[in-house]
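The sequence lines fix the lettering, A, B, ..., with proteins before strands; numbering per chain opens at 1.
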Amino acid sequence: MRVGVCSSGGHLSTIRLRDVAGAGRHHEALDLFRHALCHSEPFLSISSILPSAILSAAALSLSPAAAQLHSLALKSGLLPADPFVLTALLSAYSRLRLLPLACRLFDDVPSSAAPTSAFNALISGHALAPVSSPAVLALFCRMRREAVPFDDVTLLALLPAAPPAAIPPLHGVAFRAALASVSSVSNCLLSCYSRVGAVDFARQLFDEMPDHRKDRISWNAMISCYAQNGLAHQVLDLFDTMEHSASVEPDAVTLIGVLSSCAYLGARSIGRKIENYISQKPSFDSNTHLKNALISLHVRCGDLARARKIFDEMPHRTIVSWTAMIAGYGMHGHGEEALRLFDKMIEAGIRPDGIAMVSVLSACSHGGMADKGMWYFSSMKTLYGVVPSREHYACVVDLLGRAGQLKEAWELIESMPVEPDGPIWGALLGACKIHKNVELAELAFEHVIELEPTNVGYYVLLSNIYSDAGRLDGVARVRAIMRQRGLKKGPGCSYVDHKGKVHLFMADDHSHPQAKNIYEMVLRLEAMVTNDSEIYGNKRKENLPLTGFHSEKLAIAFGLLNTEAGAEIVVIKNLRVCEDCHQFMKMVSQVVPLLLQMRLWSGHMKLGQRFLWKPVLSVPHTVVDVQKLDVVFLEIDSLLEHIYTKYVSEVLRHQVFRMRNVDLLLYYYNLTDSAA
DNA sequence: GTAGGGTTAG
């Protein structure tokens, strides 16, 4: 179609060009521009269409075209005086990562003539650059020195690039300029406080925003703030408030924040509810970020098959999708599958970054593939240009350490080109726990404690190493240091997601409304598993106490009391499971499926309650030949014992996991960590 | 007409 055929053609093509470029149809915009030039339309001023064309060239990464338009602007005498052309060029060079060209152009502008918009474009250009803070602040200072007025856009470009210490003063500047109450600026400030971990400030800002100024982005920013600072419960609470009281609808960004918190907490039922909601909105279907969040949700909740299905069905995968899936396999001990997927990623032409390599190395580590891991570590720089960071070193120390190569792990730390950090020495300390090396543990501990003196986990780890070695003097010494430094062991906790609510348990914690029944159930289960288990049996012989009411036991008991037969119970922990609890869970997960199939555990049991045994009703013959159980009335405890000793130990040991009646899964650190 | 805010993986 011809452009500008009528007498008002210049005007028409200006509007069309702007619309077309604004709609992202940049090729078409450039064609229109060329067309308008060639036909030298009457009344067309080039200055009105040049800015759009320049930005379209930048959007298409066409540096030569941008340079041509630059010289055209010079020839037409539009530079440096025309503020629109100047600003568009500065912005284009910024986006094309040609900052030096932008700076040179800016230098030609007489300082009194530089408009706010030009400063804004240059500041956001510097903010895009990898190392930006000093230049960005310097530009803002120059603006103020030269009395160029700044506006909300200036602050929006400046704030995200400013160093943490500059945030409060800039907040003050914004406040005095009456810009802090502009929604976009307050949202931006909120995110800045979030980024530096000042969650309380962020929340205060959020609460102080009047309702009519709180838009969807404000809610999203606050939800993301909690999510990124690990406050997953607060995310779910705020999302609940948003759904019930706010006048804004959640969008994909909201759901990404919520899903990541569900993944963090293992709040599967909320996660699935959201997944269901997403599936009903066709507009979300193509959102890659959202799919990535869903993959991560299922991975963290242990449903690798579901995660993989989403991954396989994605029309467009980013490196994030691949990394989430690879990390998922690694996390659950499927090292081979993780590496297969990594190979496929390479085949798909995606170049791994540092984070992808972390997931590969950790997959090797958790999958017991030390040699493969070392190969990836030594070749990642030459093959993919990824320079090993401290995090990679921590993975490799972990990898060597788990494989029992403690000396090699220590030597690697000694030979690192950068100073080792806490997690690296911590990985060595963890390896010393597995392989019971007290001497090296003491050395690693000294280093790690110097770097992270308040990280209680390391004290506990060393104390456990001493304890395993029977060195009670060591245990006492560590405890003394902790007391002296005022450190307390952080509470370990376990969660179970039940009907959309996260039930949190801590050791010996009676706060749950069902506490009484839960404790009874734990005792019952303990009595049951102590009979046959070697570990428990030995403990009993040695007269050692059982571990007690650890949070995972309470969580399991809660799960058993509140789910129907056939339900899956997933327990999520914040710390690594202890050996005793791990054994306990393995035993329970063998016994309980059988009991559930017999429907004896429906609802809340009472100690000593008698149950009517109706074998014909629900026991599958394939699993248990009920005729052999000549039991009619039986105290529940002895019934459990009876069934357990008679069948589980003989018949079901290898079948139980196929029944999938109840799987007790333990995630966070994968179950195989302490399994032999 | 120009500049600009919230997003996922370890």
Side-chain angles (χ1 to χ4, degrees), chain A residues 11 14-15 17-19 21-22 45 47-55 82-92 94-95 115-125 127-128 150-160 182-192 194-195 202 215-225 227-228 251-260 263 287-297 299-300 307 311 317-328 330-331 352-363 389 391-392 394-395 423:
Chain A
H11 182 58
T14 303
I15 291 173
L17 190 58
R18 203 168 61 231
D19 289 348
S45 98
S47 69
S48 70
I49 53 171
L50 202 47
S52 290
I54 290 168
L55 291 172
D82 187 302
F84 299 110
V85 174
L86 174 68
T87 305
L89 267 173
L90 288 171
S91 169
S94 298
R95 287 181 210 183
T116 300
S117 63
F119 271 101
N120 290 351
L122 206 58
I123 289 175
S124 45
L128 287 173
F150 64 92
D151 59 10
D152 51 341
V153 179
T154 319
L155 294 172
L156 294 174
L158 177 65
L159 281 166
V182 176
S183 293
S184 56
V185 175
S186 43
N187 290 341
C188 185
L189 279 164
L190 199 165
S191 307
C192 287
S194 164
R195 216 177 36 249
D215 57 14
R216 197 195 328 252
I217 292 174
S218 318
W219 286 91
N220 289 351
M222 195 62 230
I223 285 176
S224 305
C225 168
Q228 283 162 6
D251 66 355
V253 176
T254 324
L255 299 181
I256 287 164
V258 179
L259 281 175
S260 76
N287 189 314
T288 307
H289 280 302
L290 208 44
K291 299 271 175 192
N292 291 344
L294 281 173
I295 291 175
S296 176
L297 171 81
V299 157
R300 294 295 294 266
F311 177 86
R317 298 181 197 101
T318 63
I319 188 164
V320 177
S321 331
W322 290 92
T323 306
M325 202 62 234
I326 291 168
M331 221 180 278
D353 61 2
I355 300 163
M357 291 316 299
V358 167
S359 72
V360 167
L361 293 176
S362 113
S389 69
E391 222 172 328
H392 297 108
C395 283

Problem - side chain to side chain contact (heavy atoms under 4.5 Å, CB included) assessment of A:Leu259 paired with A:Ser296 - result: CA-CA 8 Å; A:Leu259 281 175; A:Ser296 176; over 6 Å; no

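No donor-acceptor pair under 3.5 Å is formed between the side chain of A:Arg216 and the backbone N or O of A:Val253.
B:dG4 atom C1' lies 13 Å from atom CG of A:Leu55, rounded to whole Å. As rounded to whole Å, 13 Å separates atom P of B:dA9 from atom CD of A:Glu391. Residue A:Trp219 contributes atom CH2, which lies 15 Å from atom C1' of B:dG6 at whole-angstrom precision. Taking atom CG on A:Asn292 and atom P on B:dA9, their separation rounds to 9 Å, with Å as the unit. In this structure, CD1 of A:Ile326 is placed 20 Å from P of B:dT8, rounded to the nearest angstrom. Note: CD1 (A:Ile223) to P (B:dG6) measures 16 Å, nearest angstrom. Spacing between atom CD1 of A:Ile54 and atom P of B:dT2 amounts to 12 Å, rounded to whole angstrom units. Per the geometry, CD1 belonging to A:Ile295 stands 20 Å off P belonging to B:dT7, to the nearest Å.
Residues forming a side-chain contact (heavy atoms from CB on, under 4.5 Å) with A:Ala363 (at least two apart in sequence, or on another chain): A:Ala338. Residues meeting the side-chain hydrogen bond (donor to acceptor under 3.5 Å, both in side chains) test with A:Ser224, sequence neighbours left out: none.
Taking every side-chain heavy atom of A:Gln228 into account, B:dT7 is the closest of B:dT7, B:dA3, B:dG5. Nearest to the side chain of A:Ile256, among B:dG5, B:dT7, B:dA9, sits B:dT7. Ranking B:dA3, B:dG10, B:dG5 by closeness to the A:Asp151 side chain, first place goes to B:dA3. Distances were taken from every side-chain heavy atom of A:Phe84 (C-beta onward) to each of B:dT2, B:dG6, B:dG10; the shortest belongs to B:dT2. Distance from the side chain of A:Ser91 is smallest to B:dA3 among B:dA3, B:dG5, B:dA9. Here the nucleotide nearest the side chain of A:Leu156, chosen from B:dA9, B:dG4, B:dT7, is B:dG4. Among B:dA3, B:dA9, B:dG6, the nucleotide with an atom closest to any side-chain atom of A:Asn120 is B:dA3. Taking only side-chain atoms of A:Ser191, from C-beta outward, the nucleotide of B:dT2, B:dT8, B:dG6 with the closest atom is B:dG6. In this structure, of B:dG10, B:dT2, B:dT7, it is B:dT2 that holds the atom nearest to the side chain of A:Thr87.
Under 4.0 angstrom from either OP1 or OP2 of B:dG4 there lies at least one side-chain N or O belonging to A:Arg95.
The residue A:Asn287 sits apart from the nucleic acid: no heavy atom pair falls under 4.0 Å. Nucleic acid contact class of A:Leu86 (heavy atoms, under 4.0 Å, all strands): none. Among the protein residues, A:Ser224 comes within range of the sugar-phosphate backbone only, with heavy atoms under 4.0 Å from sugar or phosphate atoms but none that close to a base.
One finds the CG atom of A:Leu128 at 9.0 Å from the OG atom of A:Ser91 (value rounded to the nearest 0.5 Å).
Contact check for A:Glu391 versus A:Leu361: no side-chain heavy atoms found under the 4.5 Å cut-off.
A donor-acceptor contact under 3.5 Å is not formed by the side chain of A:Asp215 with the base of B:dG6.
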